[in-house]
J.: 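I have a structure I would like to understand better, so I am pasting it below and will then ask my questions one at a time.
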Amino acid sequence: METFQSLLRNELARALGAAGLPPAGEVTPATDARFGDYQTNAALILAKQRGENPRQLAQKIIDHLSVDDLAEPPTIAGPGFINFALKPDALAEQAGQLLRDDRLGVARAEKRHRIVIDFGSPNVAKPMHVGHIRSLVLGDALARIATFLGHDVIRDNHIGDWGTQFGMVIYGWKNLLDRAALARDPIAELVRIYKTANELGKSDPAVLDACRNELVKLQAGDEENLSIWNECVALSTREFEAAYDILDIHYDIQRGESFYNDRLPAVVDRLLQSGVAEMSEGAVCVFFRDIPELAERPCIVRKSDGGFNYATTDVATIDYRIRDLGADTVWIETGAPQQLHFRQIFEIARREGYTADFRHITHGSILGEDRKLMKTRSGENVALRDVLDEAVVRARKIVEQKNPDLAEEEKNAIAQTIGIGAVKYADLSQYRMTDYIFSWDRMLSLQGNTAPYLQNAYVRIRSIFRKAGEEFVLPAELVLTEPAEFNLAKRLTQFAEIVPQVLNDFRPNLLANYLFELANAFHAFYEACPVLKADEPARATRLALCELAARTLQQGLDLLGIDVPEKM
RNA sequence: GCGCCCAUAGCUCAGCCGGAUAGAGCAUCGGAUUUCUAAUCCGACGGUCGCAGGUUCGAGUCCUGCUGGGCGCGCCA
């Protein structure tokens, strides 16, 4: 089914053609209720191109428009906008259709892409910390939305499992390991031996040498070191999985850096042979002399000691995703500091002839309430698990306060849904590039643009249906009379317009903002329009609006990776 | 030195391709509950969109310069 926006857009295109005018402008939701529901600036654009009077052109366009079944007669306003006000009947009809559509009106993408999404990507032998939240939550939401739009999405966990840190970890494992501590908290012990080895190495060159030696042995395939390494990867993976379960974020494949090891020599040979790379000061480099910003920033793909680095791995990773996985689109979600690196990697890929759509999707940092990078009092990164645990504990207290009569088990489940949802939503409701200030009080607030506010709108609807004690039956016809009904219905029809927009510039916050406005429209409707006590046909119409609002909230939150409770 | 990102109400933030008198939430103040979850709703107050130029019928949005903050820049990832 089509959205009002696309119906009007098509009609505009037809009218322009009929008027002998070229396609121009766009149809957008009205910026203000006074201007109706939709508007187009087509006349303004054409007037500029042709040096004609915009209002006269607008009239000419209107003369060819036929939107009687959707809207009141279009009007000209301001410098030459054409405004459309939807007819209540058209809105009611559209809402009825949405209820019959299990996609809530969201069209599948015209072209189905195979998209590899790389996000999260934690390091082995290190704890996941609060900084991983953004990449995880943003990447997951984008993956969910792309999947819903019909794309073939492969979620790839590109874990850091082959860094130079393993020299120290293996040295520590052999000389410093406390088995009991490892059994208790594997990652904490791995971090401890890594840090201790690092400290020792600073004061004792012999230790530093020993660490280097362990790394060389690992890279040469030494059996003992490989088995220690394997154990570290397994322990870390178990830890990651626990976090993924809590967050309900899951991957299709996990191809860590080590996966690409045996492909690296061939990558460099190929780059040299094709002339993309060249020798420089003993290293193999790619220069970008024709790109001003990159002219003085070469990318090293093989160090002068013959070793490979992460650039080599990332070139190999691009290869794999396109050749082996068949991707035509690659999205990499990481923090902003890696922008230069991926710019280089993508440029190398283009020079190798790859035409896939590469996107580096970056995000800002999470700051503490002191506006500095979020750290514990002792200056450590805040552990991801601690954040998630505290979110649930805090949510649990609120549930206890507001709804003490629920069963313990139910309270726990609700606290989980609200707490985790709040953490995710706080991140997703904000434009990804801006740094955001982490605040428990704000994200768990019951008012404002928060997950609990949206979840509450859903819960109120579920409560109505529980009270009604009846299955939802779609009425033959919806009849909209009250302004609050009209506003809610209009919001509901816009879900299908918003969802695809998110992928334009990777902005899940557009969807979050929409859902907030929808919840707002629902709450206003809830206050103004009794549902169960209303007479027919208002009662059936209002139940239908409730049903559609519940489904839209649930679907929208699900696309953000957020669950809804039945009670709270 | 060069490059990337950011700067909007007291606070936290929206504002995608340039569009009409720049919007929310929080906070503050004032209202609303015999009613389906008041975990809500309605209203008021609050702005030199960092500064200065430029392009345009029209600039928070695009261009140039500047200021302030964050990050990055040849052998870590």
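The figures that follow rest on heavy atoms only: side chains count, while hydrogens, waters and symmetry mates do not. Remember, predicted model here, so these are calculated numbers, not experimental data.
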J.: Check whether any side-chain N or O of S304(A) sits under 3.5 Å from a backbone N or O of A283(A) as a donor-acceptor pair, and report yes or no.
T.: no
J.: Taking the P atom of each, how far is A24(B) from U33(B), in whole Å?
T.: 25 Å
J.: Using the P atom as the reference point in each nucleotide, state the distance between U61(B) and A9(B) in Å, no decimals.
T.: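 The answer is 15 Å between these two P atoms.
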J.: What integer distance in Å separates E527(A):CD from U35(B):C1'?
T.: 10 Å
J.: Between Y260(A) and R263(A), is there a cation-pi geometry (under 6.0 Å to ring centre, at most 45° from the normal)?
T.: no
J.: Just to be sure I understand the rule, does R343(A) reach a base, reach only the sugar-phosphate, or reach nothing, if contact means heavy atoms closer than 4.0 Å?
T.: nothing
J.: For T450(A) and S445(A), indicate whether the former's side chain and the latter's backbone hold a donor-acceptor pair under 3.5 Å.
T.: yes
J.: Side chains of residues 21-36 of chain A: which donor-acceptor partners sit under 3.5 Å, not counting sequence neighbours?
T.:
from	atom 1	to	atom 2	distance (Å)
D32(A)	OD1	R34(A)	N	2.9
D32(A)	OD1	R34(A)	NE	3.3
D32(A)	OD2	R34(A)	NH2	3.0

J.: So W440(A) and F438(A), would you call those rings parallel, tilted or perpendicular, with 30° and 60° as cut-offs?
T.: perpendicular
J.: Restricting to nitrogen or oxygen on both sides, can you table the protein-nucleotides 14-17 of chain B pairs closer than 3.5 Å?
T.:
from	atom 1	to	atom 2	distance (Å)
A14(B)	OP1	Y431(A)	N	2.5
A14(B)	OP1	T434(A)	OG1	3.1
A14(B)	O3'	N509(A)	ND2	3.4
A14(B)	O2'	N513(A)	ND2	2.5
G15(B)	OP1	R507(A)	NH1	3.1
G15(B)	OP1	N509(A)	ND2	3.2
C17(B)	N3	E26(A)	OE1	2.9
C17(B)	N3	E26(A)	OE2	3.1
C17(B)	N4	E26(A)	OE2	2.7

J.: Just call it for N83(A): base, sugar-phosphate, or nothing, with non-hydrogen atoms closer than 4.0 Å on any strand.
T.: base
J.: Mind calculating the distance between CG (N449(A)) and P (C26(B)) to the nearest angstrom?
T.: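 Distance check: N449(A) CG to C26(B) P gives 10 Å.
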J.: Aromatic ring centroids of F84(A) and F4(A) under 6.0 Å?
T.: no
J.: Nearest whole angstrom, please: distance from the P of U40(B) to the CD of Q455(A).
T.: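 So the two atoms are 13 Å apart, to the nearest Å.
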J.: Write down the distance between CZ (F516(A)) and C1' (C13(B)), rounded to a whole number of angstrom.
T.: 11 Å
J.: State which of C36(B), A20(B), C5(B) makes the closest approach to the side chain of I464(A).
T.: C36(B)
J.: Below 4.0 angstrom from OP1 or OP2 of U35(B), is there any side-chain N or O of K533(A)?
T.: no
J.: Sugar-phosphate means primed atoms, P, OP1 and OP2; the rest is base. With that split, encode nucleotides 69-77 of chain B 5' to 3' as B, S or - using protein heavy atoms under 4.0 Å.
T.: --SBBBBSB
J.: Quick one: side chain to side chain contact (heavy atoms under 4.5 Å, CB included) partners of K303(A), sequence neighbours excluded?
T.: D305(A)
J.: Between the main-chain N or O of F506(A) and the side-chain N or O of R432(A), is there a donor-acceptor pair closer than 3.5 Å?
T.: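 Present.
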J.: Give the rounded distance in Å between these two atoms: CE of M443(A) and P of C26(B).
T.: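 The answer, rounded to whole Å, is 17 Å.
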J.: Using side chain to side chain donor-acceptor pair (under 3.5 Å) as the criterion, list what pairs up with D357(A), not counting sequence neighbours.
T.: R359(A)
J.: Nucleotides 56-62 of chain B: which of its N/O atoms have a protein N/O under 3.5 Å away?
T.:
from	atom 1	to	atom 2	distance (Å)
U56(B)	O2'	K48(A)	NZ	3.3
G58(B)	O6	K48(A)	NZ	2.6

J.: Determine the Euclidean distance between corresponding P atoms of C16(B) and C6(B); express it in Å to zero decimal places.
T.: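 To the nearest whole Å, 12 Å.
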J.: In whole Å, what separates the P atom of G46(B) from that of G69(B)?
T.: 32 Å
J.: For E347(A) and R343(A), run salt bridge (charged side-chain N to carboxylate O under 4.0 Å, His left out): C-alpha distance rounded to whole Å, both residues' side-chain angles, the deciding distance at 0.1 Å, then the answer.
T.: CA-CA 6 Å; E347(A) 195 52 44; R343(A) 174 100 201 265; 5.3 Å; no
J.: Under the side chain to side chain donor-acceptor pair (under 3.5 Å) test, which residues partner Y194(A), sequence neighbours left out?
T.: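 Partners of Y194(A) under the side chain to side chain donor-acceptor pair (under 3.5 Å) test: none.
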J.: Using whole Å, report how far CZ of R394(A) lies from C1' of A39(B).
T.: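 Rounded to whole Å, this separation is 18 Å.
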J.: Using atom C1' of each nucleotide, how far apart are C49(B) and C13(B) to the nearest Å?
T.: 13 Å
J.: Mark yes or no for whether S365(A), through its side chain, and D435(A), through its backbone, hold a donor-acceptor pair below 3.5 Å.
T.: no
J.: On RNA chain B, compare the nucleotides closest to F525(A) and N41(A); which residue's is nearer the 5' end?
T.: N41(A)
J.: Can you sort out the partners of Q455(A) under side chain to side chain donor-acceptor pair (under 3.5 Å), two or more places apart, ordered by chain and number?
T.: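 Side chain to side chain donor-acceptor pair (under 3.5 Å) check on Q455(A) returns nothing, list empty.
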J.: Taking only residues two or more places apart in sequence or in another chain, which ones pass side chain to side chain contact (heavy atoms under 4.5 Å, CB included) with E257(A)?
T.: H158(A), D161(A), W162(A), T313(A)
J.: Looking at residues at least two apart in the chain, or sitting in another chain, which of them share a side chain to side chain donor-acceptor pair (under 3.5 Å) with N513(A)?
T.: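 By the side chain to side chain donor-acceptor pair (under 3.5 Å) rule, N513(A) matches no residue at all.
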J.: Could you state the atom-to-atom distance from CD1 of I461(A) to P of A39(B) in whole Å?
T.: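 Between P of A39(B) and CD1 of I461(A): 17 Å.
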J.: In whole Å, what separates the C1' atom of C51(B) from that of A59(B)?
T.: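 Nearest-Å result for C51(B) against A59(B) at atom C1': 16 Å.
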J.: Would you state whether a donor and an acceptor, one from the side chain of Q401(A) and one from the base of A39(B), lie under 3.5 Å apart?
T.: no
J.: Scan residues 522-550 of chain A for pairs that pass salt bridge (charged side-chain N to carboxylate O under 4.0 Å, His left out), counting only residues two or more places apart or in two chains.
T.: R460(A)-E527(A), E470(A)-R539(A), E485(A)-R542(A)
J.: What stem regions, each of at least 3 consecutive Watson-Crick or G-U pairs below 3.5 Å, can be found for RNA chain B?
T.: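 Listed by first number, the stems are B:1-7 with B:67-73, B:10-13 with B:23-26, B:28-32 with B:40-44, B:50-54 with B:62-66.
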J.: Between N520(A) and C41(B), is there a side-chain N or O to OP1/OP2 distance below 4.0 Å?
T.: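 Yes.
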J.: Taking the same atom, P, in A52(B) and in A14(B), what whole-Å distance lies between them?
T.: 24 Å
J.: Determine the contact category for Y436(A): base if any of its heavy atoms lies under 4.0 Å from a base atom, sugar-phosphate if only primed atoms, P, OP1 or OP2 are that close, otherwise nothing.
T.: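 Counting heavy atoms under 4.0 Å across all strands, the contact made by Y436(A) is with sugar-phosphate only.
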J.: Could you tell me how far U28(B) sits from G18(B) if I compare only their C1' atoms? Round to whole Å.
T.: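 These two C1' atoms come out 36 Å apart once rounded.
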J.: In whole angstrom, what separates H360(A)'s NE2 from C4(B)'s C1'?
T.: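 From H360(A) NE2 to C4(B) C1': 11 Å.
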